[in-house]
Amino acid sequence: MWGLIIVGAVIWGLGRNTAPATAEPRLTQINRAEVEQALNRVRASLGILARECELSESSELSPEISESSRVEAFEGQLEALVATDETRPLQIAVTGRKSVGKTSLVTALEAELAMGSTLDVEIQELPACLQREDATLLAQAQRADVLVFVVDGDIRESELDWVERITATGQALILVWNQSDRHPPQQQAQILGRIRQQAEPYLRGDRILAIAAAPSPIEVRQYKPDHSVETSTTTPAPELAALSECLETLHQDAPSLIWATSYRAAQALRSDIRREINRFRRQRALPLIRQSQWIAAAAAFGNPVPSLDLLATAAVNVQLVMNLGKIYQQRLSLDQAKAAAKTLAEVLVKLGLVEVSTQLVTTALKHNPITFVAGGATQGLSAAYLTHIAGLSLIEYFEQCDELAAREGGAILNGERFAAIVKQVFEKNRRKAFVQSLIRQAGDRFATKPA
(Lines give C-alpha, C1' and ligand atoms only; values in the text may rest on other atoms or scores of the structure.)
Protein backbone atom coordinates (compact mmCIF):
# COMPACT_ATOMS: atom_id res chain seq x y z
CA MET A 1 0.00 0.00 0.00
CA TRP A 2 2.95 2.30 0.55
CA GLY A 3 3.72 2.25 -3.16
CA LEU A 4 1.03 4.72 -4.19
CA ILE A 5 1.71 8.35 -4.71
CA ILE A 6 -0.60 11.08 -3.58
CA VAL A 7 -0.26 12.98 -6.80
CA GLY A 8 -1.48 9.91 -8.62
CA ALA A 9 -4.98 10.45 -7.37
CA VAL A 10 -5.51 13.38 -9.69
CA ILE A 11 -5.38 11.39 -12.89
CA TRP A 12 -8.74 10.01 -11.90
CA GLY A 13 -10.22 13.39 -12.70
CA LEU A 14 -8.53 13.89 -16.07
CA GLY A 15 -10.93 14.31 -18.91
CA ARG A 16 -13.76 15.45 -16.68
CA ASN A 17 -14.98 19.02 -17.02
CA THR A 18 -14.66 20.89 -13.76
CA ALA A 19 -15.14 24.63 -13.30
CA PRO A 20 -13.10 26.35 -10.58
CA ALA A 21 -14.86 25.71 -7.31
CA THR A 22 -14.86 29.34 -6.28
CA ALA A 23 -16.51 30.50 -9.50
CA GLU A 24 -20.07 31.71 -9.03
CA PRO A 25 -22.47 32.65 -11.84
CA ARG A 26 -21.95 36.22 -12.99
CA LEU A 27 -25.37 37.87 -12.86
CA THR A 28 -26.07 41.42 -13.94
CA GLN A 29 -29.81 41.41 -13.16
CA ILE A 30 -30.31 40.12 -9.62
CA ASN A 31 -33.58 39.62 -7.76
CA ARG A 32 -34.59 38.45 -4.30
CA ALA A 33 -34.80 34.79 -5.38
CA GLU A 34 -31.17 34.68 -6.55
CA VAL A 35 -30.00 36.36 -3.36
CA GLU A 36 -31.93 33.81 -1.30
CA GLN A 37 -30.16 30.99 -3.15
CA ALA A 38 -26.80 32.60 -2.35
CA LEU A 39 -27.84 32.97 1.30
CA ASN A 40 -28.79 29.29 1.42
CA ARG A 41 -25.25 28.44 0.32
CA VAL A 42 -23.97 30.66 3.14
CA ARG A 43 -26.19 28.82 5.63
CA ALA A 44 -24.89 25.47 4.41
CA SER A 45 -21.28 26.65 4.79
CA LEU A 46 -22.07 27.93 8.28
CA GLY A 47 -23.33 24.47 9.17
CA ILE A 48 -20.05 22.97 7.99
CA LEU A 49 -18.09 25.55 9.98
CA ALA A 50 -20.09 24.74 13.12
CA ARG A 51 -19.15 21.07 12.76
CA GLU A 52 -15.49 21.98 12.22
CA CYS A 53 -15.61 24.09 15.39
CA GLU A 54 -16.96 21.13 17.33
CA LEU A 55 -14.15 18.92 16.05
CA SER A 56 -11.59 21.59 16.95
CA GLU A 57 -12.95 22.06 20.46
CA SER A 58 -12.95 18.31 21.06
CA SER A 59 -9.37 17.90 19.82
CA GLU A 60 -6.10 18.65 21.54
CA LEU A 61 -5.72 21.83 19.47
CA SER A 62 -6.41 24.78 21.76
CA PRO A 63 -8.21 27.60 19.91
CA GLU A 64 -6.81 31.12 20.18
CA ILE A 65 -10.30 32.55 20.75
CA SER A 66 -13.72 31.03 21.22
CA GLU A 67 -14.67 29.21 18.04
CA SER A 68 -18.37 29.79 18.73
CA SER A 69 -17.76 33.56 18.63
CA ARG A 70 -16.57 33.26 15.03
CA VAL A 71 -19.72 31.44 14.04
CA GLU A 72 -21.84 34.02 15.85
CA ALA A 73 -20.09 36.86 14.01
CA PHE A 74 -20.78 35.22 10.66
CA GLU A 75 -24.39 34.60 11.67
CA GLY A 76 -24.75 38.31 12.44
CA GLN A 77 -23.54 39.21 8.96
CA LEU A 78 -25.94 36.70 7.47
CA GLU A 79 -28.86 38.19 9.39
CA ALA A 80 -27.98 41.63 8.06
CA LEU A 81 -28.10 40.32 4.48
CA VAL A 82 -31.40 38.58 5.11
CA ALA A 83 -32.79 41.97 6.17
CA THR A 84 -31.87 43.65 2.86
CA ASP A 85 -34.32 46.46 2.04
CA GLU A 86 -34.68 47.09 -1.68
CA THR A 87 -36.28 50.49 -0.98
CA ARG A 88 -33.24 51.95 0.77
CA PRO A 89 -31.22 54.76 -0.87
CA LEU A 90 -28.88 53.68 -3.63
CA GLN A 91 -25.28 53.64 -2.41
CA ILE A 92 -22.83 55.36 -4.80
CA ALA A 93 -19.08 55.17 -4.18
CA VAL A 94 -16.46 57.31 -5.94
CA THR A 95 -12.88 56.12 -6.31
CA GLY A 96 -9.83 56.57 -8.52
CA ARG A 97 -6.18 57.51 -8.30
CA LYS A 98 -4.95 60.32 -6.11
CA SER A 99 -5.59 63.87 -7.41
CA VAL A 100 -8.10 62.99 -10.12
CA GLY A 101 -10.87 65.09 -8.57
CA LYS A 102 -12.79 62.56 -6.47
CA THR A 103 -13.56 65.02 -3.67
CA SER A 104 -14.63 67.72 -6.13
CA LEU A 105 -16.96 65.26 -7.84
CA VAL A 106 -18.58 64.16 -4.56
CA THR A 107 -19.05 67.81 -3.55
CA ALA A 108 -20.60 68.69 -6.92
CA LEU A 109 -22.93 65.69 -6.87
CA GLU A 110 -24.07 66.43 -3.32
CA ALA A 111 -24.74 70.07 -4.28
CA GLU A 112 -26.81 68.90 -7.24
CA LEU A 113 -28.82 66.56 -5.02
CA ALA A 114 -29.45 69.38 -2.56
CA MET A 115 -31.02 71.45 -5.35
CA GLY A 116 -34.04 69.17 -5.54
CA SER A 117 -32.92 66.04 -7.38
CA THR A 118 -35.39 63.15 -7.33
CA LEU A 119 -32.58 60.61 -6.95
CA ASP A 120 -32.65 58.76 -3.62
CA VAL A 121 -28.93 58.13 -3.25
CA GLU A 122 -26.09 58.35 -0.75
CA ILE A 123 -22.60 59.22 -1.98
CA GLN A 124 -19.31 58.11 -0.44
CA GLU A 125 -15.72 58.86 -1.43
CA LEU A 126 -13.38 55.88 -1.18
CA PRO A 127 -9.59 56.12 -0.66
CA ALA A 128 -7.34 56.42 -3.69
CA CYS A 129 -7.32 53.00 -5.33
CA LEU A 130 -3.53 52.82 -5.67
CA GLN A 131 -2.76 53.92 -2.11
CA ARG A 132 -4.27 51.04 -0.16
CA GLU A 133 -4.06 47.27 -0.32
CA ASP A 134 -6.03 46.32 -3.42
CA ALA A 135 -8.01 43.55 -1.69
CA THR A 136 -9.12 45.93 1.06
CA LEU A 137 -10.32 48.63 -1.30
CA LEU A 138 -11.89 46.16 -3.70
CA ALA A 139 -13.96 44.69 -0.86
CA GLN A 140 -14.98 48.19 0.20
CA ALA A 141 -15.91 49.12 -3.37
CA GLN A 142 -18.02 45.98 -3.73
CA ARG A 143 -20.32 47.19 -0.95
CA ALA A 144 -21.55 50.06 -3.16
CA ASP A 145 -24.49 49.62 -5.51
CA VAL A 146 -22.85 51.82 -8.15
CA LEU A 147 -19.13 52.57 -8.39
CA VAL A 148 -17.94 55.73 -10.13
CA PHE A 149 -14.32 55.33 -11.21
CA VAL A 150 -12.56 58.65 -11.94
CA VAL A 151 -9.61 59.15 -14.28
CA ASP A 152 -7.99 62.42 -15.36
CA GLY A 153 -6.98 61.56 -18.91
CA ASP A 154 -5.86 58.60 -20.98
CA ILE A 155 -6.54 55.52 -18.90
CA ARG A 156 -3.51 53.80 -17.40
CA GLU A 157 -2.88 50.09 -17.30
CA SER A 158 -3.42 49.91 -13.53
CA GLU A 159 -6.72 51.77 -13.90
CA LEU A 160 -7.83 49.49 -16.71
CA ASP A 161 -7.04 46.52 -14.48
CA TRP A 162 -9.42 47.96 -11.88
CA VAL A 163 -12.13 48.38 -14.49
CA GLU A 164 -11.71 44.76 -15.53
CA ARG A 165 -11.78 43.48 -11.95
CA ILE A 166 -14.92 45.43 -11.04
CA THR A 167 -16.88 44.57 -14.18
CA ALA A 168 -15.96 40.90 -13.77
CA THR A 169 -18.15 40.87 -10.65
CA GLY A 170 -21.16 42.32 -12.47
CA GLN A 171 -21.15 45.47 -10.34
CA ALA A 172 -22.57 48.61 -11.94
CA LEU A 173 -19.61 50.81 -12.92
CA ILE A 174 -19.39 54.27 -14.46
CA LEU A 175 -16.00 55.39 -15.80
CA VAL A 176 -15.71 59.18 -15.84
CA TRP A 177 -12.96 61.30 -17.31
CA ASN A 178 -12.78 64.33 -15.07
CA GLN A 179 -11.13 67.69 -15.85
CA SER A 180 -12.07 67.39 -19.51
CA ASP A 181 -12.57 71.18 -19.61
CA ARG A 182 -8.80 71.64 -19.56
CA HIS A 183 -8.64 70.55 -23.21
CA PRO A 184 -10.12 72.16 -26.33
CA PRO A 185 -13.22 70.43 -27.78
CA GLN A 186 -11.33 68.61 -30.54
CA GLN A 187 -8.84 67.11 -28.06
CA GLN A 188 -11.71 66.22 -25.71
CA ALA A 189 -13.28 64.06 -28.41
CA GLN A 190 -9.95 62.38 -29.17
CA ILE A 191 -9.13 61.61 -25.53
CA LEU A 192 -12.63 60.32 -24.77
CA GLY A 193 -12.43 58.17 -27.90
CA ARG A 194 -9.15 56.61 -26.74
CA ILE A 195 -10.55 55.92 -23.25
CA ARG A 196 -13.61 54.26 -24.74
CA GLN A 197 -11.51 52.20 -27.11
CA GLN A 198 -9.51 50.82 -24.15
CA ALA A 199 -12.40 50.31 -21.75
CA GLU A 200 -15.24 49.16 -24.01
CA PRO A 201 -14.11 45.50 -23.95
CA TYR A 202 -15.20 45.59 -20.29
CA LEU A 203 -17.74 48.40 -20.10
CA ARG A 204 -20.61 49.75 -22.20
CA GLY A 205 -19.83 52.93 -24.10
CA ASP A 206 -22.68 54.87 -22.47
CA ARG A 207 -21.02 54.23 -19.08
CA ILE A 208 -17.80 55.99 -20.18
CA LEU A 209 -18.28 59.73 -19.79
CA ALA A 210 -16.50 63.08 -19.83
CA ILE A 211 -17.21 65.53 -16.98
CA ALA A 212 -15.77 68.59 -15.28
CA ALA A 213 -16.50 68.45 -11.56
CA ALA A 214 -14.61 71.65 -10.78
CA PRO A 215 -14.05 73.61 -14.00
CA SER A 216 -11.07 75.93 -14.16
CA PRO A 217 -11.83 79.67 -13.87
CA ILE A 218 -12.11 81.46 -17.19
CA GLU A 219 -11.29 85.05 -18.06
CA VAL A 220 -14.22 87.30 -19.02
CA ARG A 221 -13.70 90.56 -20.90
CA GLN A 222 -16.39 93.22 -20.84
CA TYR A 223 -16.15 96.01 -23.45
CA LYS A 224 -17.60 99.30 -22.23
CA PRO A 225 -19.05 102.20 -24.25
CA ASP A 226 -15.92 104.24 -23.69
CA HIS A 227 -13.98 101.45 -25.45
CA SER A 228 -12.29 100.38 -22.27
CA VAL A 229 -12.07 96.69 -21.35
CA GLU A 230 -12.85 95.34 -17.93
CA THR A 231 -11.35 91.90 -17.22
CA SER A 232 -12.60 89.49 -14.57
CA THR A 233 -12.61 85.78 -13.87
CA THR A 234 -15.55 83.48 -13.29
CA THR A 235 -15.85 79.82 -12.44
CA PRO A 236 -18.29 77.87 -14.62
CA ALA A 237 -20.76 75.48 -13.06
CA PRO A 238 -19.75 71.82 -12.91
CA GLU A 239 -20.40 69.90 -16.12
CA LEU A 240 -22.15 66.77 -14.81
CA ALA A 241 -25.07 66.42 -17.22
CA ALA A 242 -23.86 63.14 -18.76
CA LEU A 243 -23.15 61.61 -15.35
CA SER A 244 -26.46 62.77 -13.88
CA GLU A 245 -28.34 61.25 -16.82
CA CYS A 246 -26.49 57.96 -16.40
CA LEU A 247 -27.25 57.87 -12.66
CA GLU A 248 -30.92 58.57 -13.34
CA THR A 249 -31.03 55.65 -15.77
CA LEU A 250 -29.41 53.33 -13.24
CA HIS A 251 -31.70 54.56 -10.48
CA GLN A 252 -34.69 53.24 -12.42
CA ASP A 253 -33.30 49.77 -11.73
CA ALA A 254 -32.41 50.48 -8.09
CA PRO A 255 -33.97 47.32 -6.56
CA SER A 256 -31.95 45.06 -8.86
CA LEU A 257 -28.75 46.95 -8.07
CA ILE A 258 -29.43 46.66 -4.34
CA TRP A 259 -30.04 42.92 -4.62
CA ALA A 260 -26.84 42.60 -6.65
CA THR A 261 -24.93 44.22 -3.80
CA SER A 262 -26.44 41.73 -1.34
CA TYR A 263 -25.53 38.91 -3.72
CA ARG A 264 -21.89 40.01 -3.84
CA ALA A 265 -21.88 40.38 -0.05
CA ALA A 266 -23.23 36.84 0.30
CA GLN A 267 -20.45 35.55 -1.96
CA ALA A 268 -17.83 37.41 0.08
CA LEU A 269 -19.29 36.13 3.36
CA ARG A 270 -19.25 32.56 2.13
CA SER A 271 -15.62 32.97 1.04
CA ASP A 272 -14.71 34.21 4.53
CA ILE A 273 -16.50 31.24 6.09
CA ARG A 274 -14.73 28.79 3.79
CA ARG A 275 -11.35 30.28 4.71
CA GLU A 276 -12.19 29.63 8.34
CA ILE A 277 -13.30 26.08 7.52
CA ASN A 278 -10.05 25.45 5.70
CA ARG A 279 -8.04 26.82 8.62
CA PHE A 280 -9.56 24.19 10.91
CA ARG A 281 -9.09 21.44 8.36
CA ARG A 282 -5.47 22.32 7.74
CA GLN A 283 -4.79 22.01 11.46
CA ARG A 284 -6.01 18.41 11.27
CA ALA A 285 -4.40 17.63 7.92
CA LEU A 286 -0.80 18.72 8.57
CA PRO A 287 -0.11 16.08 11.27
CA LEU A 288 -1.29 13.39 8.84
CA ILE A 289 1.18 14.62 6.23
CA ARG A 290 4.06 14.64 8.71
CA GLN A 291 3.19 11.15 9.83
CA SER A 292 3.05 9.83 6.27
CA GLN A 293 6.28 11.52 5.20
CA TRP A 294 8.24 9.70 7.92
CA ILE A 295 6.54 6.40 7.12
CA ALA A 296 7.64 6.82 3.51
CA ALA A 297 11.13 7.83 4.64
CA ALA A 298 11.47 4.80 6.93
CA ALA A 299 10.47 2.46 4.12
CA ALA A 300 13.03 3.98 1.74
CA PHE A 301 15.77 4.06 4.40
CA GLY A 302 15.37 0.35 5.00
CA ASN A 303 14.98 -0.60 1.33
CA PRO A 304 16.73 1.95 -0.93
CA VAL A 305 14.95 2.13 -4.27
CA PRO A 306 17.01 1.76 -7.46
CA SER A 307 15.43 4.39 -9.69
CA LEU A 308 13.60 7.70 -9.75
CA ASP A 309 10.46 5.99 -11.02
CA LEU A 310 10.37 3.69 -8.04
CA LEU A 311 11.15 6.57 -5.71
CA ALA A 312 8.13 8.44 -7.04
CA THR A 313 5.99 5.34 -6.63
CA ALA A 314 7.23 4.79 -3.08
CA ALA A 315 6.79 8.38 -1.96
CA VAL A 316 3.35 8.24 -0.40
CA ASN A 317 0.85 6.00 1.28
CA VAL A 318 -2.50 5.94 -0.52
CA GLN A 319 -4.20 6.02 2.86
CA LEU A 320 -3.05 9.63 3.21
CA VAL A 321 -4.92 10.49 0.03
CA MET A 322 -8.09 9.02 1.43
CA ASN A 323 -7.61 10.56 4.88
CA LEU A 324 -7.09 14.07 3.50
CA GLY A 325 -10.07 13.63 1.21
CA LYS A 326 -12.17 12.66 4.21
CA ILE A 327 -11.12 15.78 6.12
CA TYR A 328 -12.03 17.99 3.16
CA GLN A 329 -15.23 16.10 2.37
CA GLN A 330 -13.77 14.93 -0.95
CA ARG A 331 -13.94 11.17 -0.55
CA LEU A 332 -11.83 8.93 -2.77
CA SER A 333 -12.29 5.18 -2.84
CA LEU A 334 -9.28 2.92 -2.52
CA ASP A 335 -9.88 1.60 -6.03
CA GLN A 336 -9.92 5.12 -7.49
CA ALA A 337 -6.62 5.99 -5.83
CA LYS A 338 -4.97 2.73 -6.87
CA ALA A 339 -6.08 3.07 -10.47
CA ALA A 340 -4.52 6.53 -10.65
CA ALA A 341 -1.23 5.89 -8.87
CA LYS A 342 0.89 4.25 -11.54
CA THR A 343 0.11 6.79 -14.27
CA LEU A 344 0.68 9.83 -12.07
CA ALA A 345 3.94 8.47 -10.68
CA GLU A 346 5.20 8.62 -14.24
CA VAL A 347 3.86 12.17 -14.54
CA LEU A 348 5.73 13.21 -11.40
CA VAL A 349 8.97 11.95 -12.91
CA LYS A 350 8.17 13.60 -16.23
CA LEU A 351 7.72 16.96 -14.48
CA GLY A 352 11.24 16.56 -13.13
CA LEU A 353 10.16 17.06 -9.53
CA VAL A 354 11.60 13.75 -8.29
CA GLU A 355 14.99 14.41 -9.82
CA VAL A 356 15.12 18.00 -8.55
CA SER A 357 14.11 16.94 -5.05
CA THR A 358 16.83 14.28 -5.05
CA GLN A 359 19.41 16.87 -6.09
CA LEU A 360 18.27 19.24 -3.34
CA VAL A 361 18.57 16.52 -0.72
CA THR A 362 21.93 15.31 -2.01
CA THR A 363 23.39 18.84 -1.93
CA ALA A 364 22.04 19.43 1.58
CA LEU A 365 23.48 16.15 2.87
CA LYS A 366 26.98 17.12 1.72
CA HIS A 367 26.88 20.03 4.14
CA ASN A 368 25.34 18.12 7.04
CA PRO A 369 27.36 16.07 9.56
CA ILE A 370 24.49 13.70 10.42
CA THR A 371 25.21 10.00 9.79
CA PHE A 372 22.17 7.82 9.21
CA VAL A 373 21.69 4.23 10.31
CA ALA A 374 20.65 2.90 6.91
CA GLY A 375 22.34 3.49 3.61
CA GLY A 376 19.36 4.95 1.76
CA ALA A 377 19.62 8.44 3.21
CA THR A 378 19.07 10.24 -0.10
CA GLN A 379 16.13 8.08 -1.11
CA GLY A 380 14.58 8.21 2.36
CA LEU A 381 14.82 11.97 2.65
CA SER A 382 13.62 12.41 -0.93
CA ALA A 383 10.62 10.22 -0.20
CA ALA A 384 9.82 12.34 2.88
CA TYR A 385 10.27 15.54 0.88
CA LEU A 386 8.03 14.36 -1.97
CA THR A 387 5.38 13.17 0.46
CA HIS A 388 5.40 16.56 2.14
CA ILE A 389 5.10 18.39 -1.21
CA ALA A 390 2.35 16.08 -2.44
CA GLY A 391 0.39 16.36 0.80
CA LEU A 392 0.55 20.17 0.84
CA SER A 393 -0.49 20.20 -2.81
CA LEU A 394 -3.54 18.10 -2.10
CA ILE A 395 -4.47 20.39 0.79
CA GLU A 396 -4.16 23.44 -1.48
CA TYR A 397 -6.30 21.73 -4.09
CA PHE A 398 -9.00 20.64 -1.68
CA GLU A 399 -9.12 24.13 -0.17
CA GLN A 400 -10.15 25.41 -3.58
CA CYS A 401 -12.80 22.75 -3.97
CA ASP A 402 -16.42 23.05 -2.98
CA GLU A 403 -17.74 20.13 -0.95
CA LEU A 404 -21.31 21.23 -1.74
CA ALA A 405 -20.65 20.95 -5.47
CA ALA A 406 -18.94 17.59 -4.93
CA ARG A 407 -22.04 16.24 -3.21
CA GLU A 408 -24.09 17.36 -6.20
CA GLY A 409 -22.01 15.20 -8.51
CA GLY A 410 -19.18 17.50 -9.60
CA ALA A 411 -15.75 16.09 -10.41
CA ILE A 412 -13.56 15.68 -7.34
CA LEU A 413 -10.15 16.15 -8.90
CA ASN A 414 -8.98 18.01 -11.98
CA GLY A 415 -5.59 16.89 -13.23
CA GLU A 416 -4.51 20.09 -14.99
CA ARG A 417 -5.41 22.37 -12.09
CA PHE A 418 -3.81 20.04 -9.56
CA ALA A 419 -0.55 19.84 -11.57
CA ALA A 420 -0.30 23.64 -11.49
CA ILE A 421 -0.76 23.59 -7.71
CA VAL A 422 1.98 20.97 -7.32
CA LYS A 423 4.43 23.21 -9.16
CA GLN A 424 3.54 26.21 -6.99
CA VAL A 425 3.90 24.25 -3.76
CA PHE A 426 7.20 22.78 -4.93
CA GLU A 427 8.59 26.25 -5.65
CA LYS A 428 7.58 27.46 -2.19
CA ASN A 429 9.25 24.50 -0.47
CA ARG A 430 12.49 24.11 -2.42
CA ARG A 431 14.35 26.59 -0.23
CA LYS A 432 17.56 25.37 1.33
CA ALA A 433 16.35 26.19 4.85
CA PHE A 434 13.35 23.90 4.46
CA VAL A 435 15.44 20.98 3.20
CA GLN A 436 17.94 21.46 6.04
CA SER A 437 15.08 21.46 8.52
CA LEU A 438 13.80 18.21 7.04
CA ILE A 439 17.25 16.65 7.42
CA ARG A 440 17.49 17.71 11.07
CA GLN A 441 14.09 16.16 11.78
CA ALA A 442 15.17 12.98 10.01
CA GLY A 443 18.34 12.99 12.08
CA ASP A 444 16.31 12.86 15.27
CA ARG A 445 14.54 9.78 13.94
CA PHE A 446 17.08 7.84 11.91
CA ALA A 447 20.60 9.10 12.73
CA THR A 448 23.28 6.76 14.12
CA LYS A 449 23.47 7.13 17.89
CA PRO A 450 26.95 7.33 19.45
CA ALA A 451 27.90 4.31 21.59
Side-chain angles (χ1 to χ4, degrees), residues 1-10 48-67 70 273-302 314-334 337 341 348 353 357 361 372 380-401 403 406 412-413 418 421-422 424-426 428-431 433-447:
M1 182 170 296
W2 305 117
L4 297 174
I5 181 165
I6 193 170
V7 186
V10 261
I48 295 170
L49 176 59
R51 291 194 293 273
E52 292 294 334
C53 288
E54 292 174 0
L55 289 172
S56 175
E57 291 173 350
S58 64
S59 70
E60 297 179 356
L61 298 172
S62 56
E64 298 176 3
I65 62 174
S66 171
E67 308 299 3
R70 290 188 173 94
I273 294 171
R274 287 193 55 77
R275 275 192 290 272
E276 196 69 8
I277 291 170
N278 289 331
R279 184 179 68 84
F280 287 128
R281 290 174 172 176
R282 186 173 280 249
Q283 288 179 341
R284 289 191 285 137
L286 290 176
L288 292 177
I289 294 176
R290 288 191 288 267
Q291 180 185 50
S292 291
Q293 75 186 30
W294 297 125
I295 291 174
F301 268 119
V316 170
N317 163 11
V318 71
Q319 190 63 46
L320 177 61
V321 181
M322 301 175 67
N323 288 343
L324 292 179
K326 184 178 180 180
I327 289 175
Y328 285 89
Q329 300 297 306
Q330 304 286 335
R331 299 179 185 275
L332 289 171
S333 71
L334 181 61
L348 188 65
L353 301 186
S357 66
V361 169
F372 291 95
L381 288 167
S382 296
Y385 182 82
L386 288 171
T387 303
H388 187 84
I389 296 299
L392 290 181
S393 299
L394 199 59
I395 284 180
E396 293 283 348
Y397 180 87
F398 282 155
E399 286 182 350
Q400 297 178 22
C401 289
E403 71 282 348
I412 295 176
L413 293 168
F418 187 78
I421 290 174
V422 172
Q424 293 173 1
V425 171
F426 186 82
K428 292 178 182 178
N429 292 274
R430 65 183 300 172
R431 298 184 301 273
F434 174 77
V435 179
Q436 291 287 0
S437 173
L438 192 69
I439 291 175
R440 285 194 297 272
Q441 295 175 51
D444 294 337
R445 294 172 176 269
F446 306 113

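By the 4.0 Å N-to-carboxylate-O rule, Glu54 lies too far from Arg51 to be salt-bridged with it. A salt bridge links Glu52 and Arg284; the closest N-O separation between the charged side-chain nitrogens and carboxylate oxygens is under 4.0 Å.
In this structure, the side chain to side chain contact (heavy atoms under 4.5 Å, CB included) partners of Gln291, at least two apart in sequence or on a different chain, are Leu288, Ile295. For Asn278, there are no side chain to side chain donor-acceptor pair (under 3.5 Å) partners two or more places apart in sequence or in a different chain. By the salt bridge (Lys or Arg N to Asp or Glu O under 4.0 Å) test, Glu396 pairs with Arg282, sequence neighbours left out.
Atom CZ of residue Phe426 and atom CG of residue Leu386 lie 7.5 Å apart, to the nearest 0.5 angstrom. With rounding to the nearest 0.5 angstrom, the CD atom of Gln293 is 9.5 Å from the CD1 atom of Ile389. Residue Glu399 holds its CD atom at 11.0 Å from CZ of Arg275, rounded to the nearest 0.5 Å.
In terms of heavy-atom proximity, Gly391 sits nearest to Ile289 at C-CD1, 3.3 Å. Here the closest non-hydrogen pair linking Thr387 and Ser292 is CG2-C, 3.8 Å.
For the pair Leu394 and Ile421, the minimum side-chain heavy-atom distance is 4.5 Å or more.
A side chain to side chain contact (heavy atoms under 4.5 Å, CB included) with Phe280 holds for exactly one of Leu55, Leu49, Ile327, Ile48; it is Leu49.
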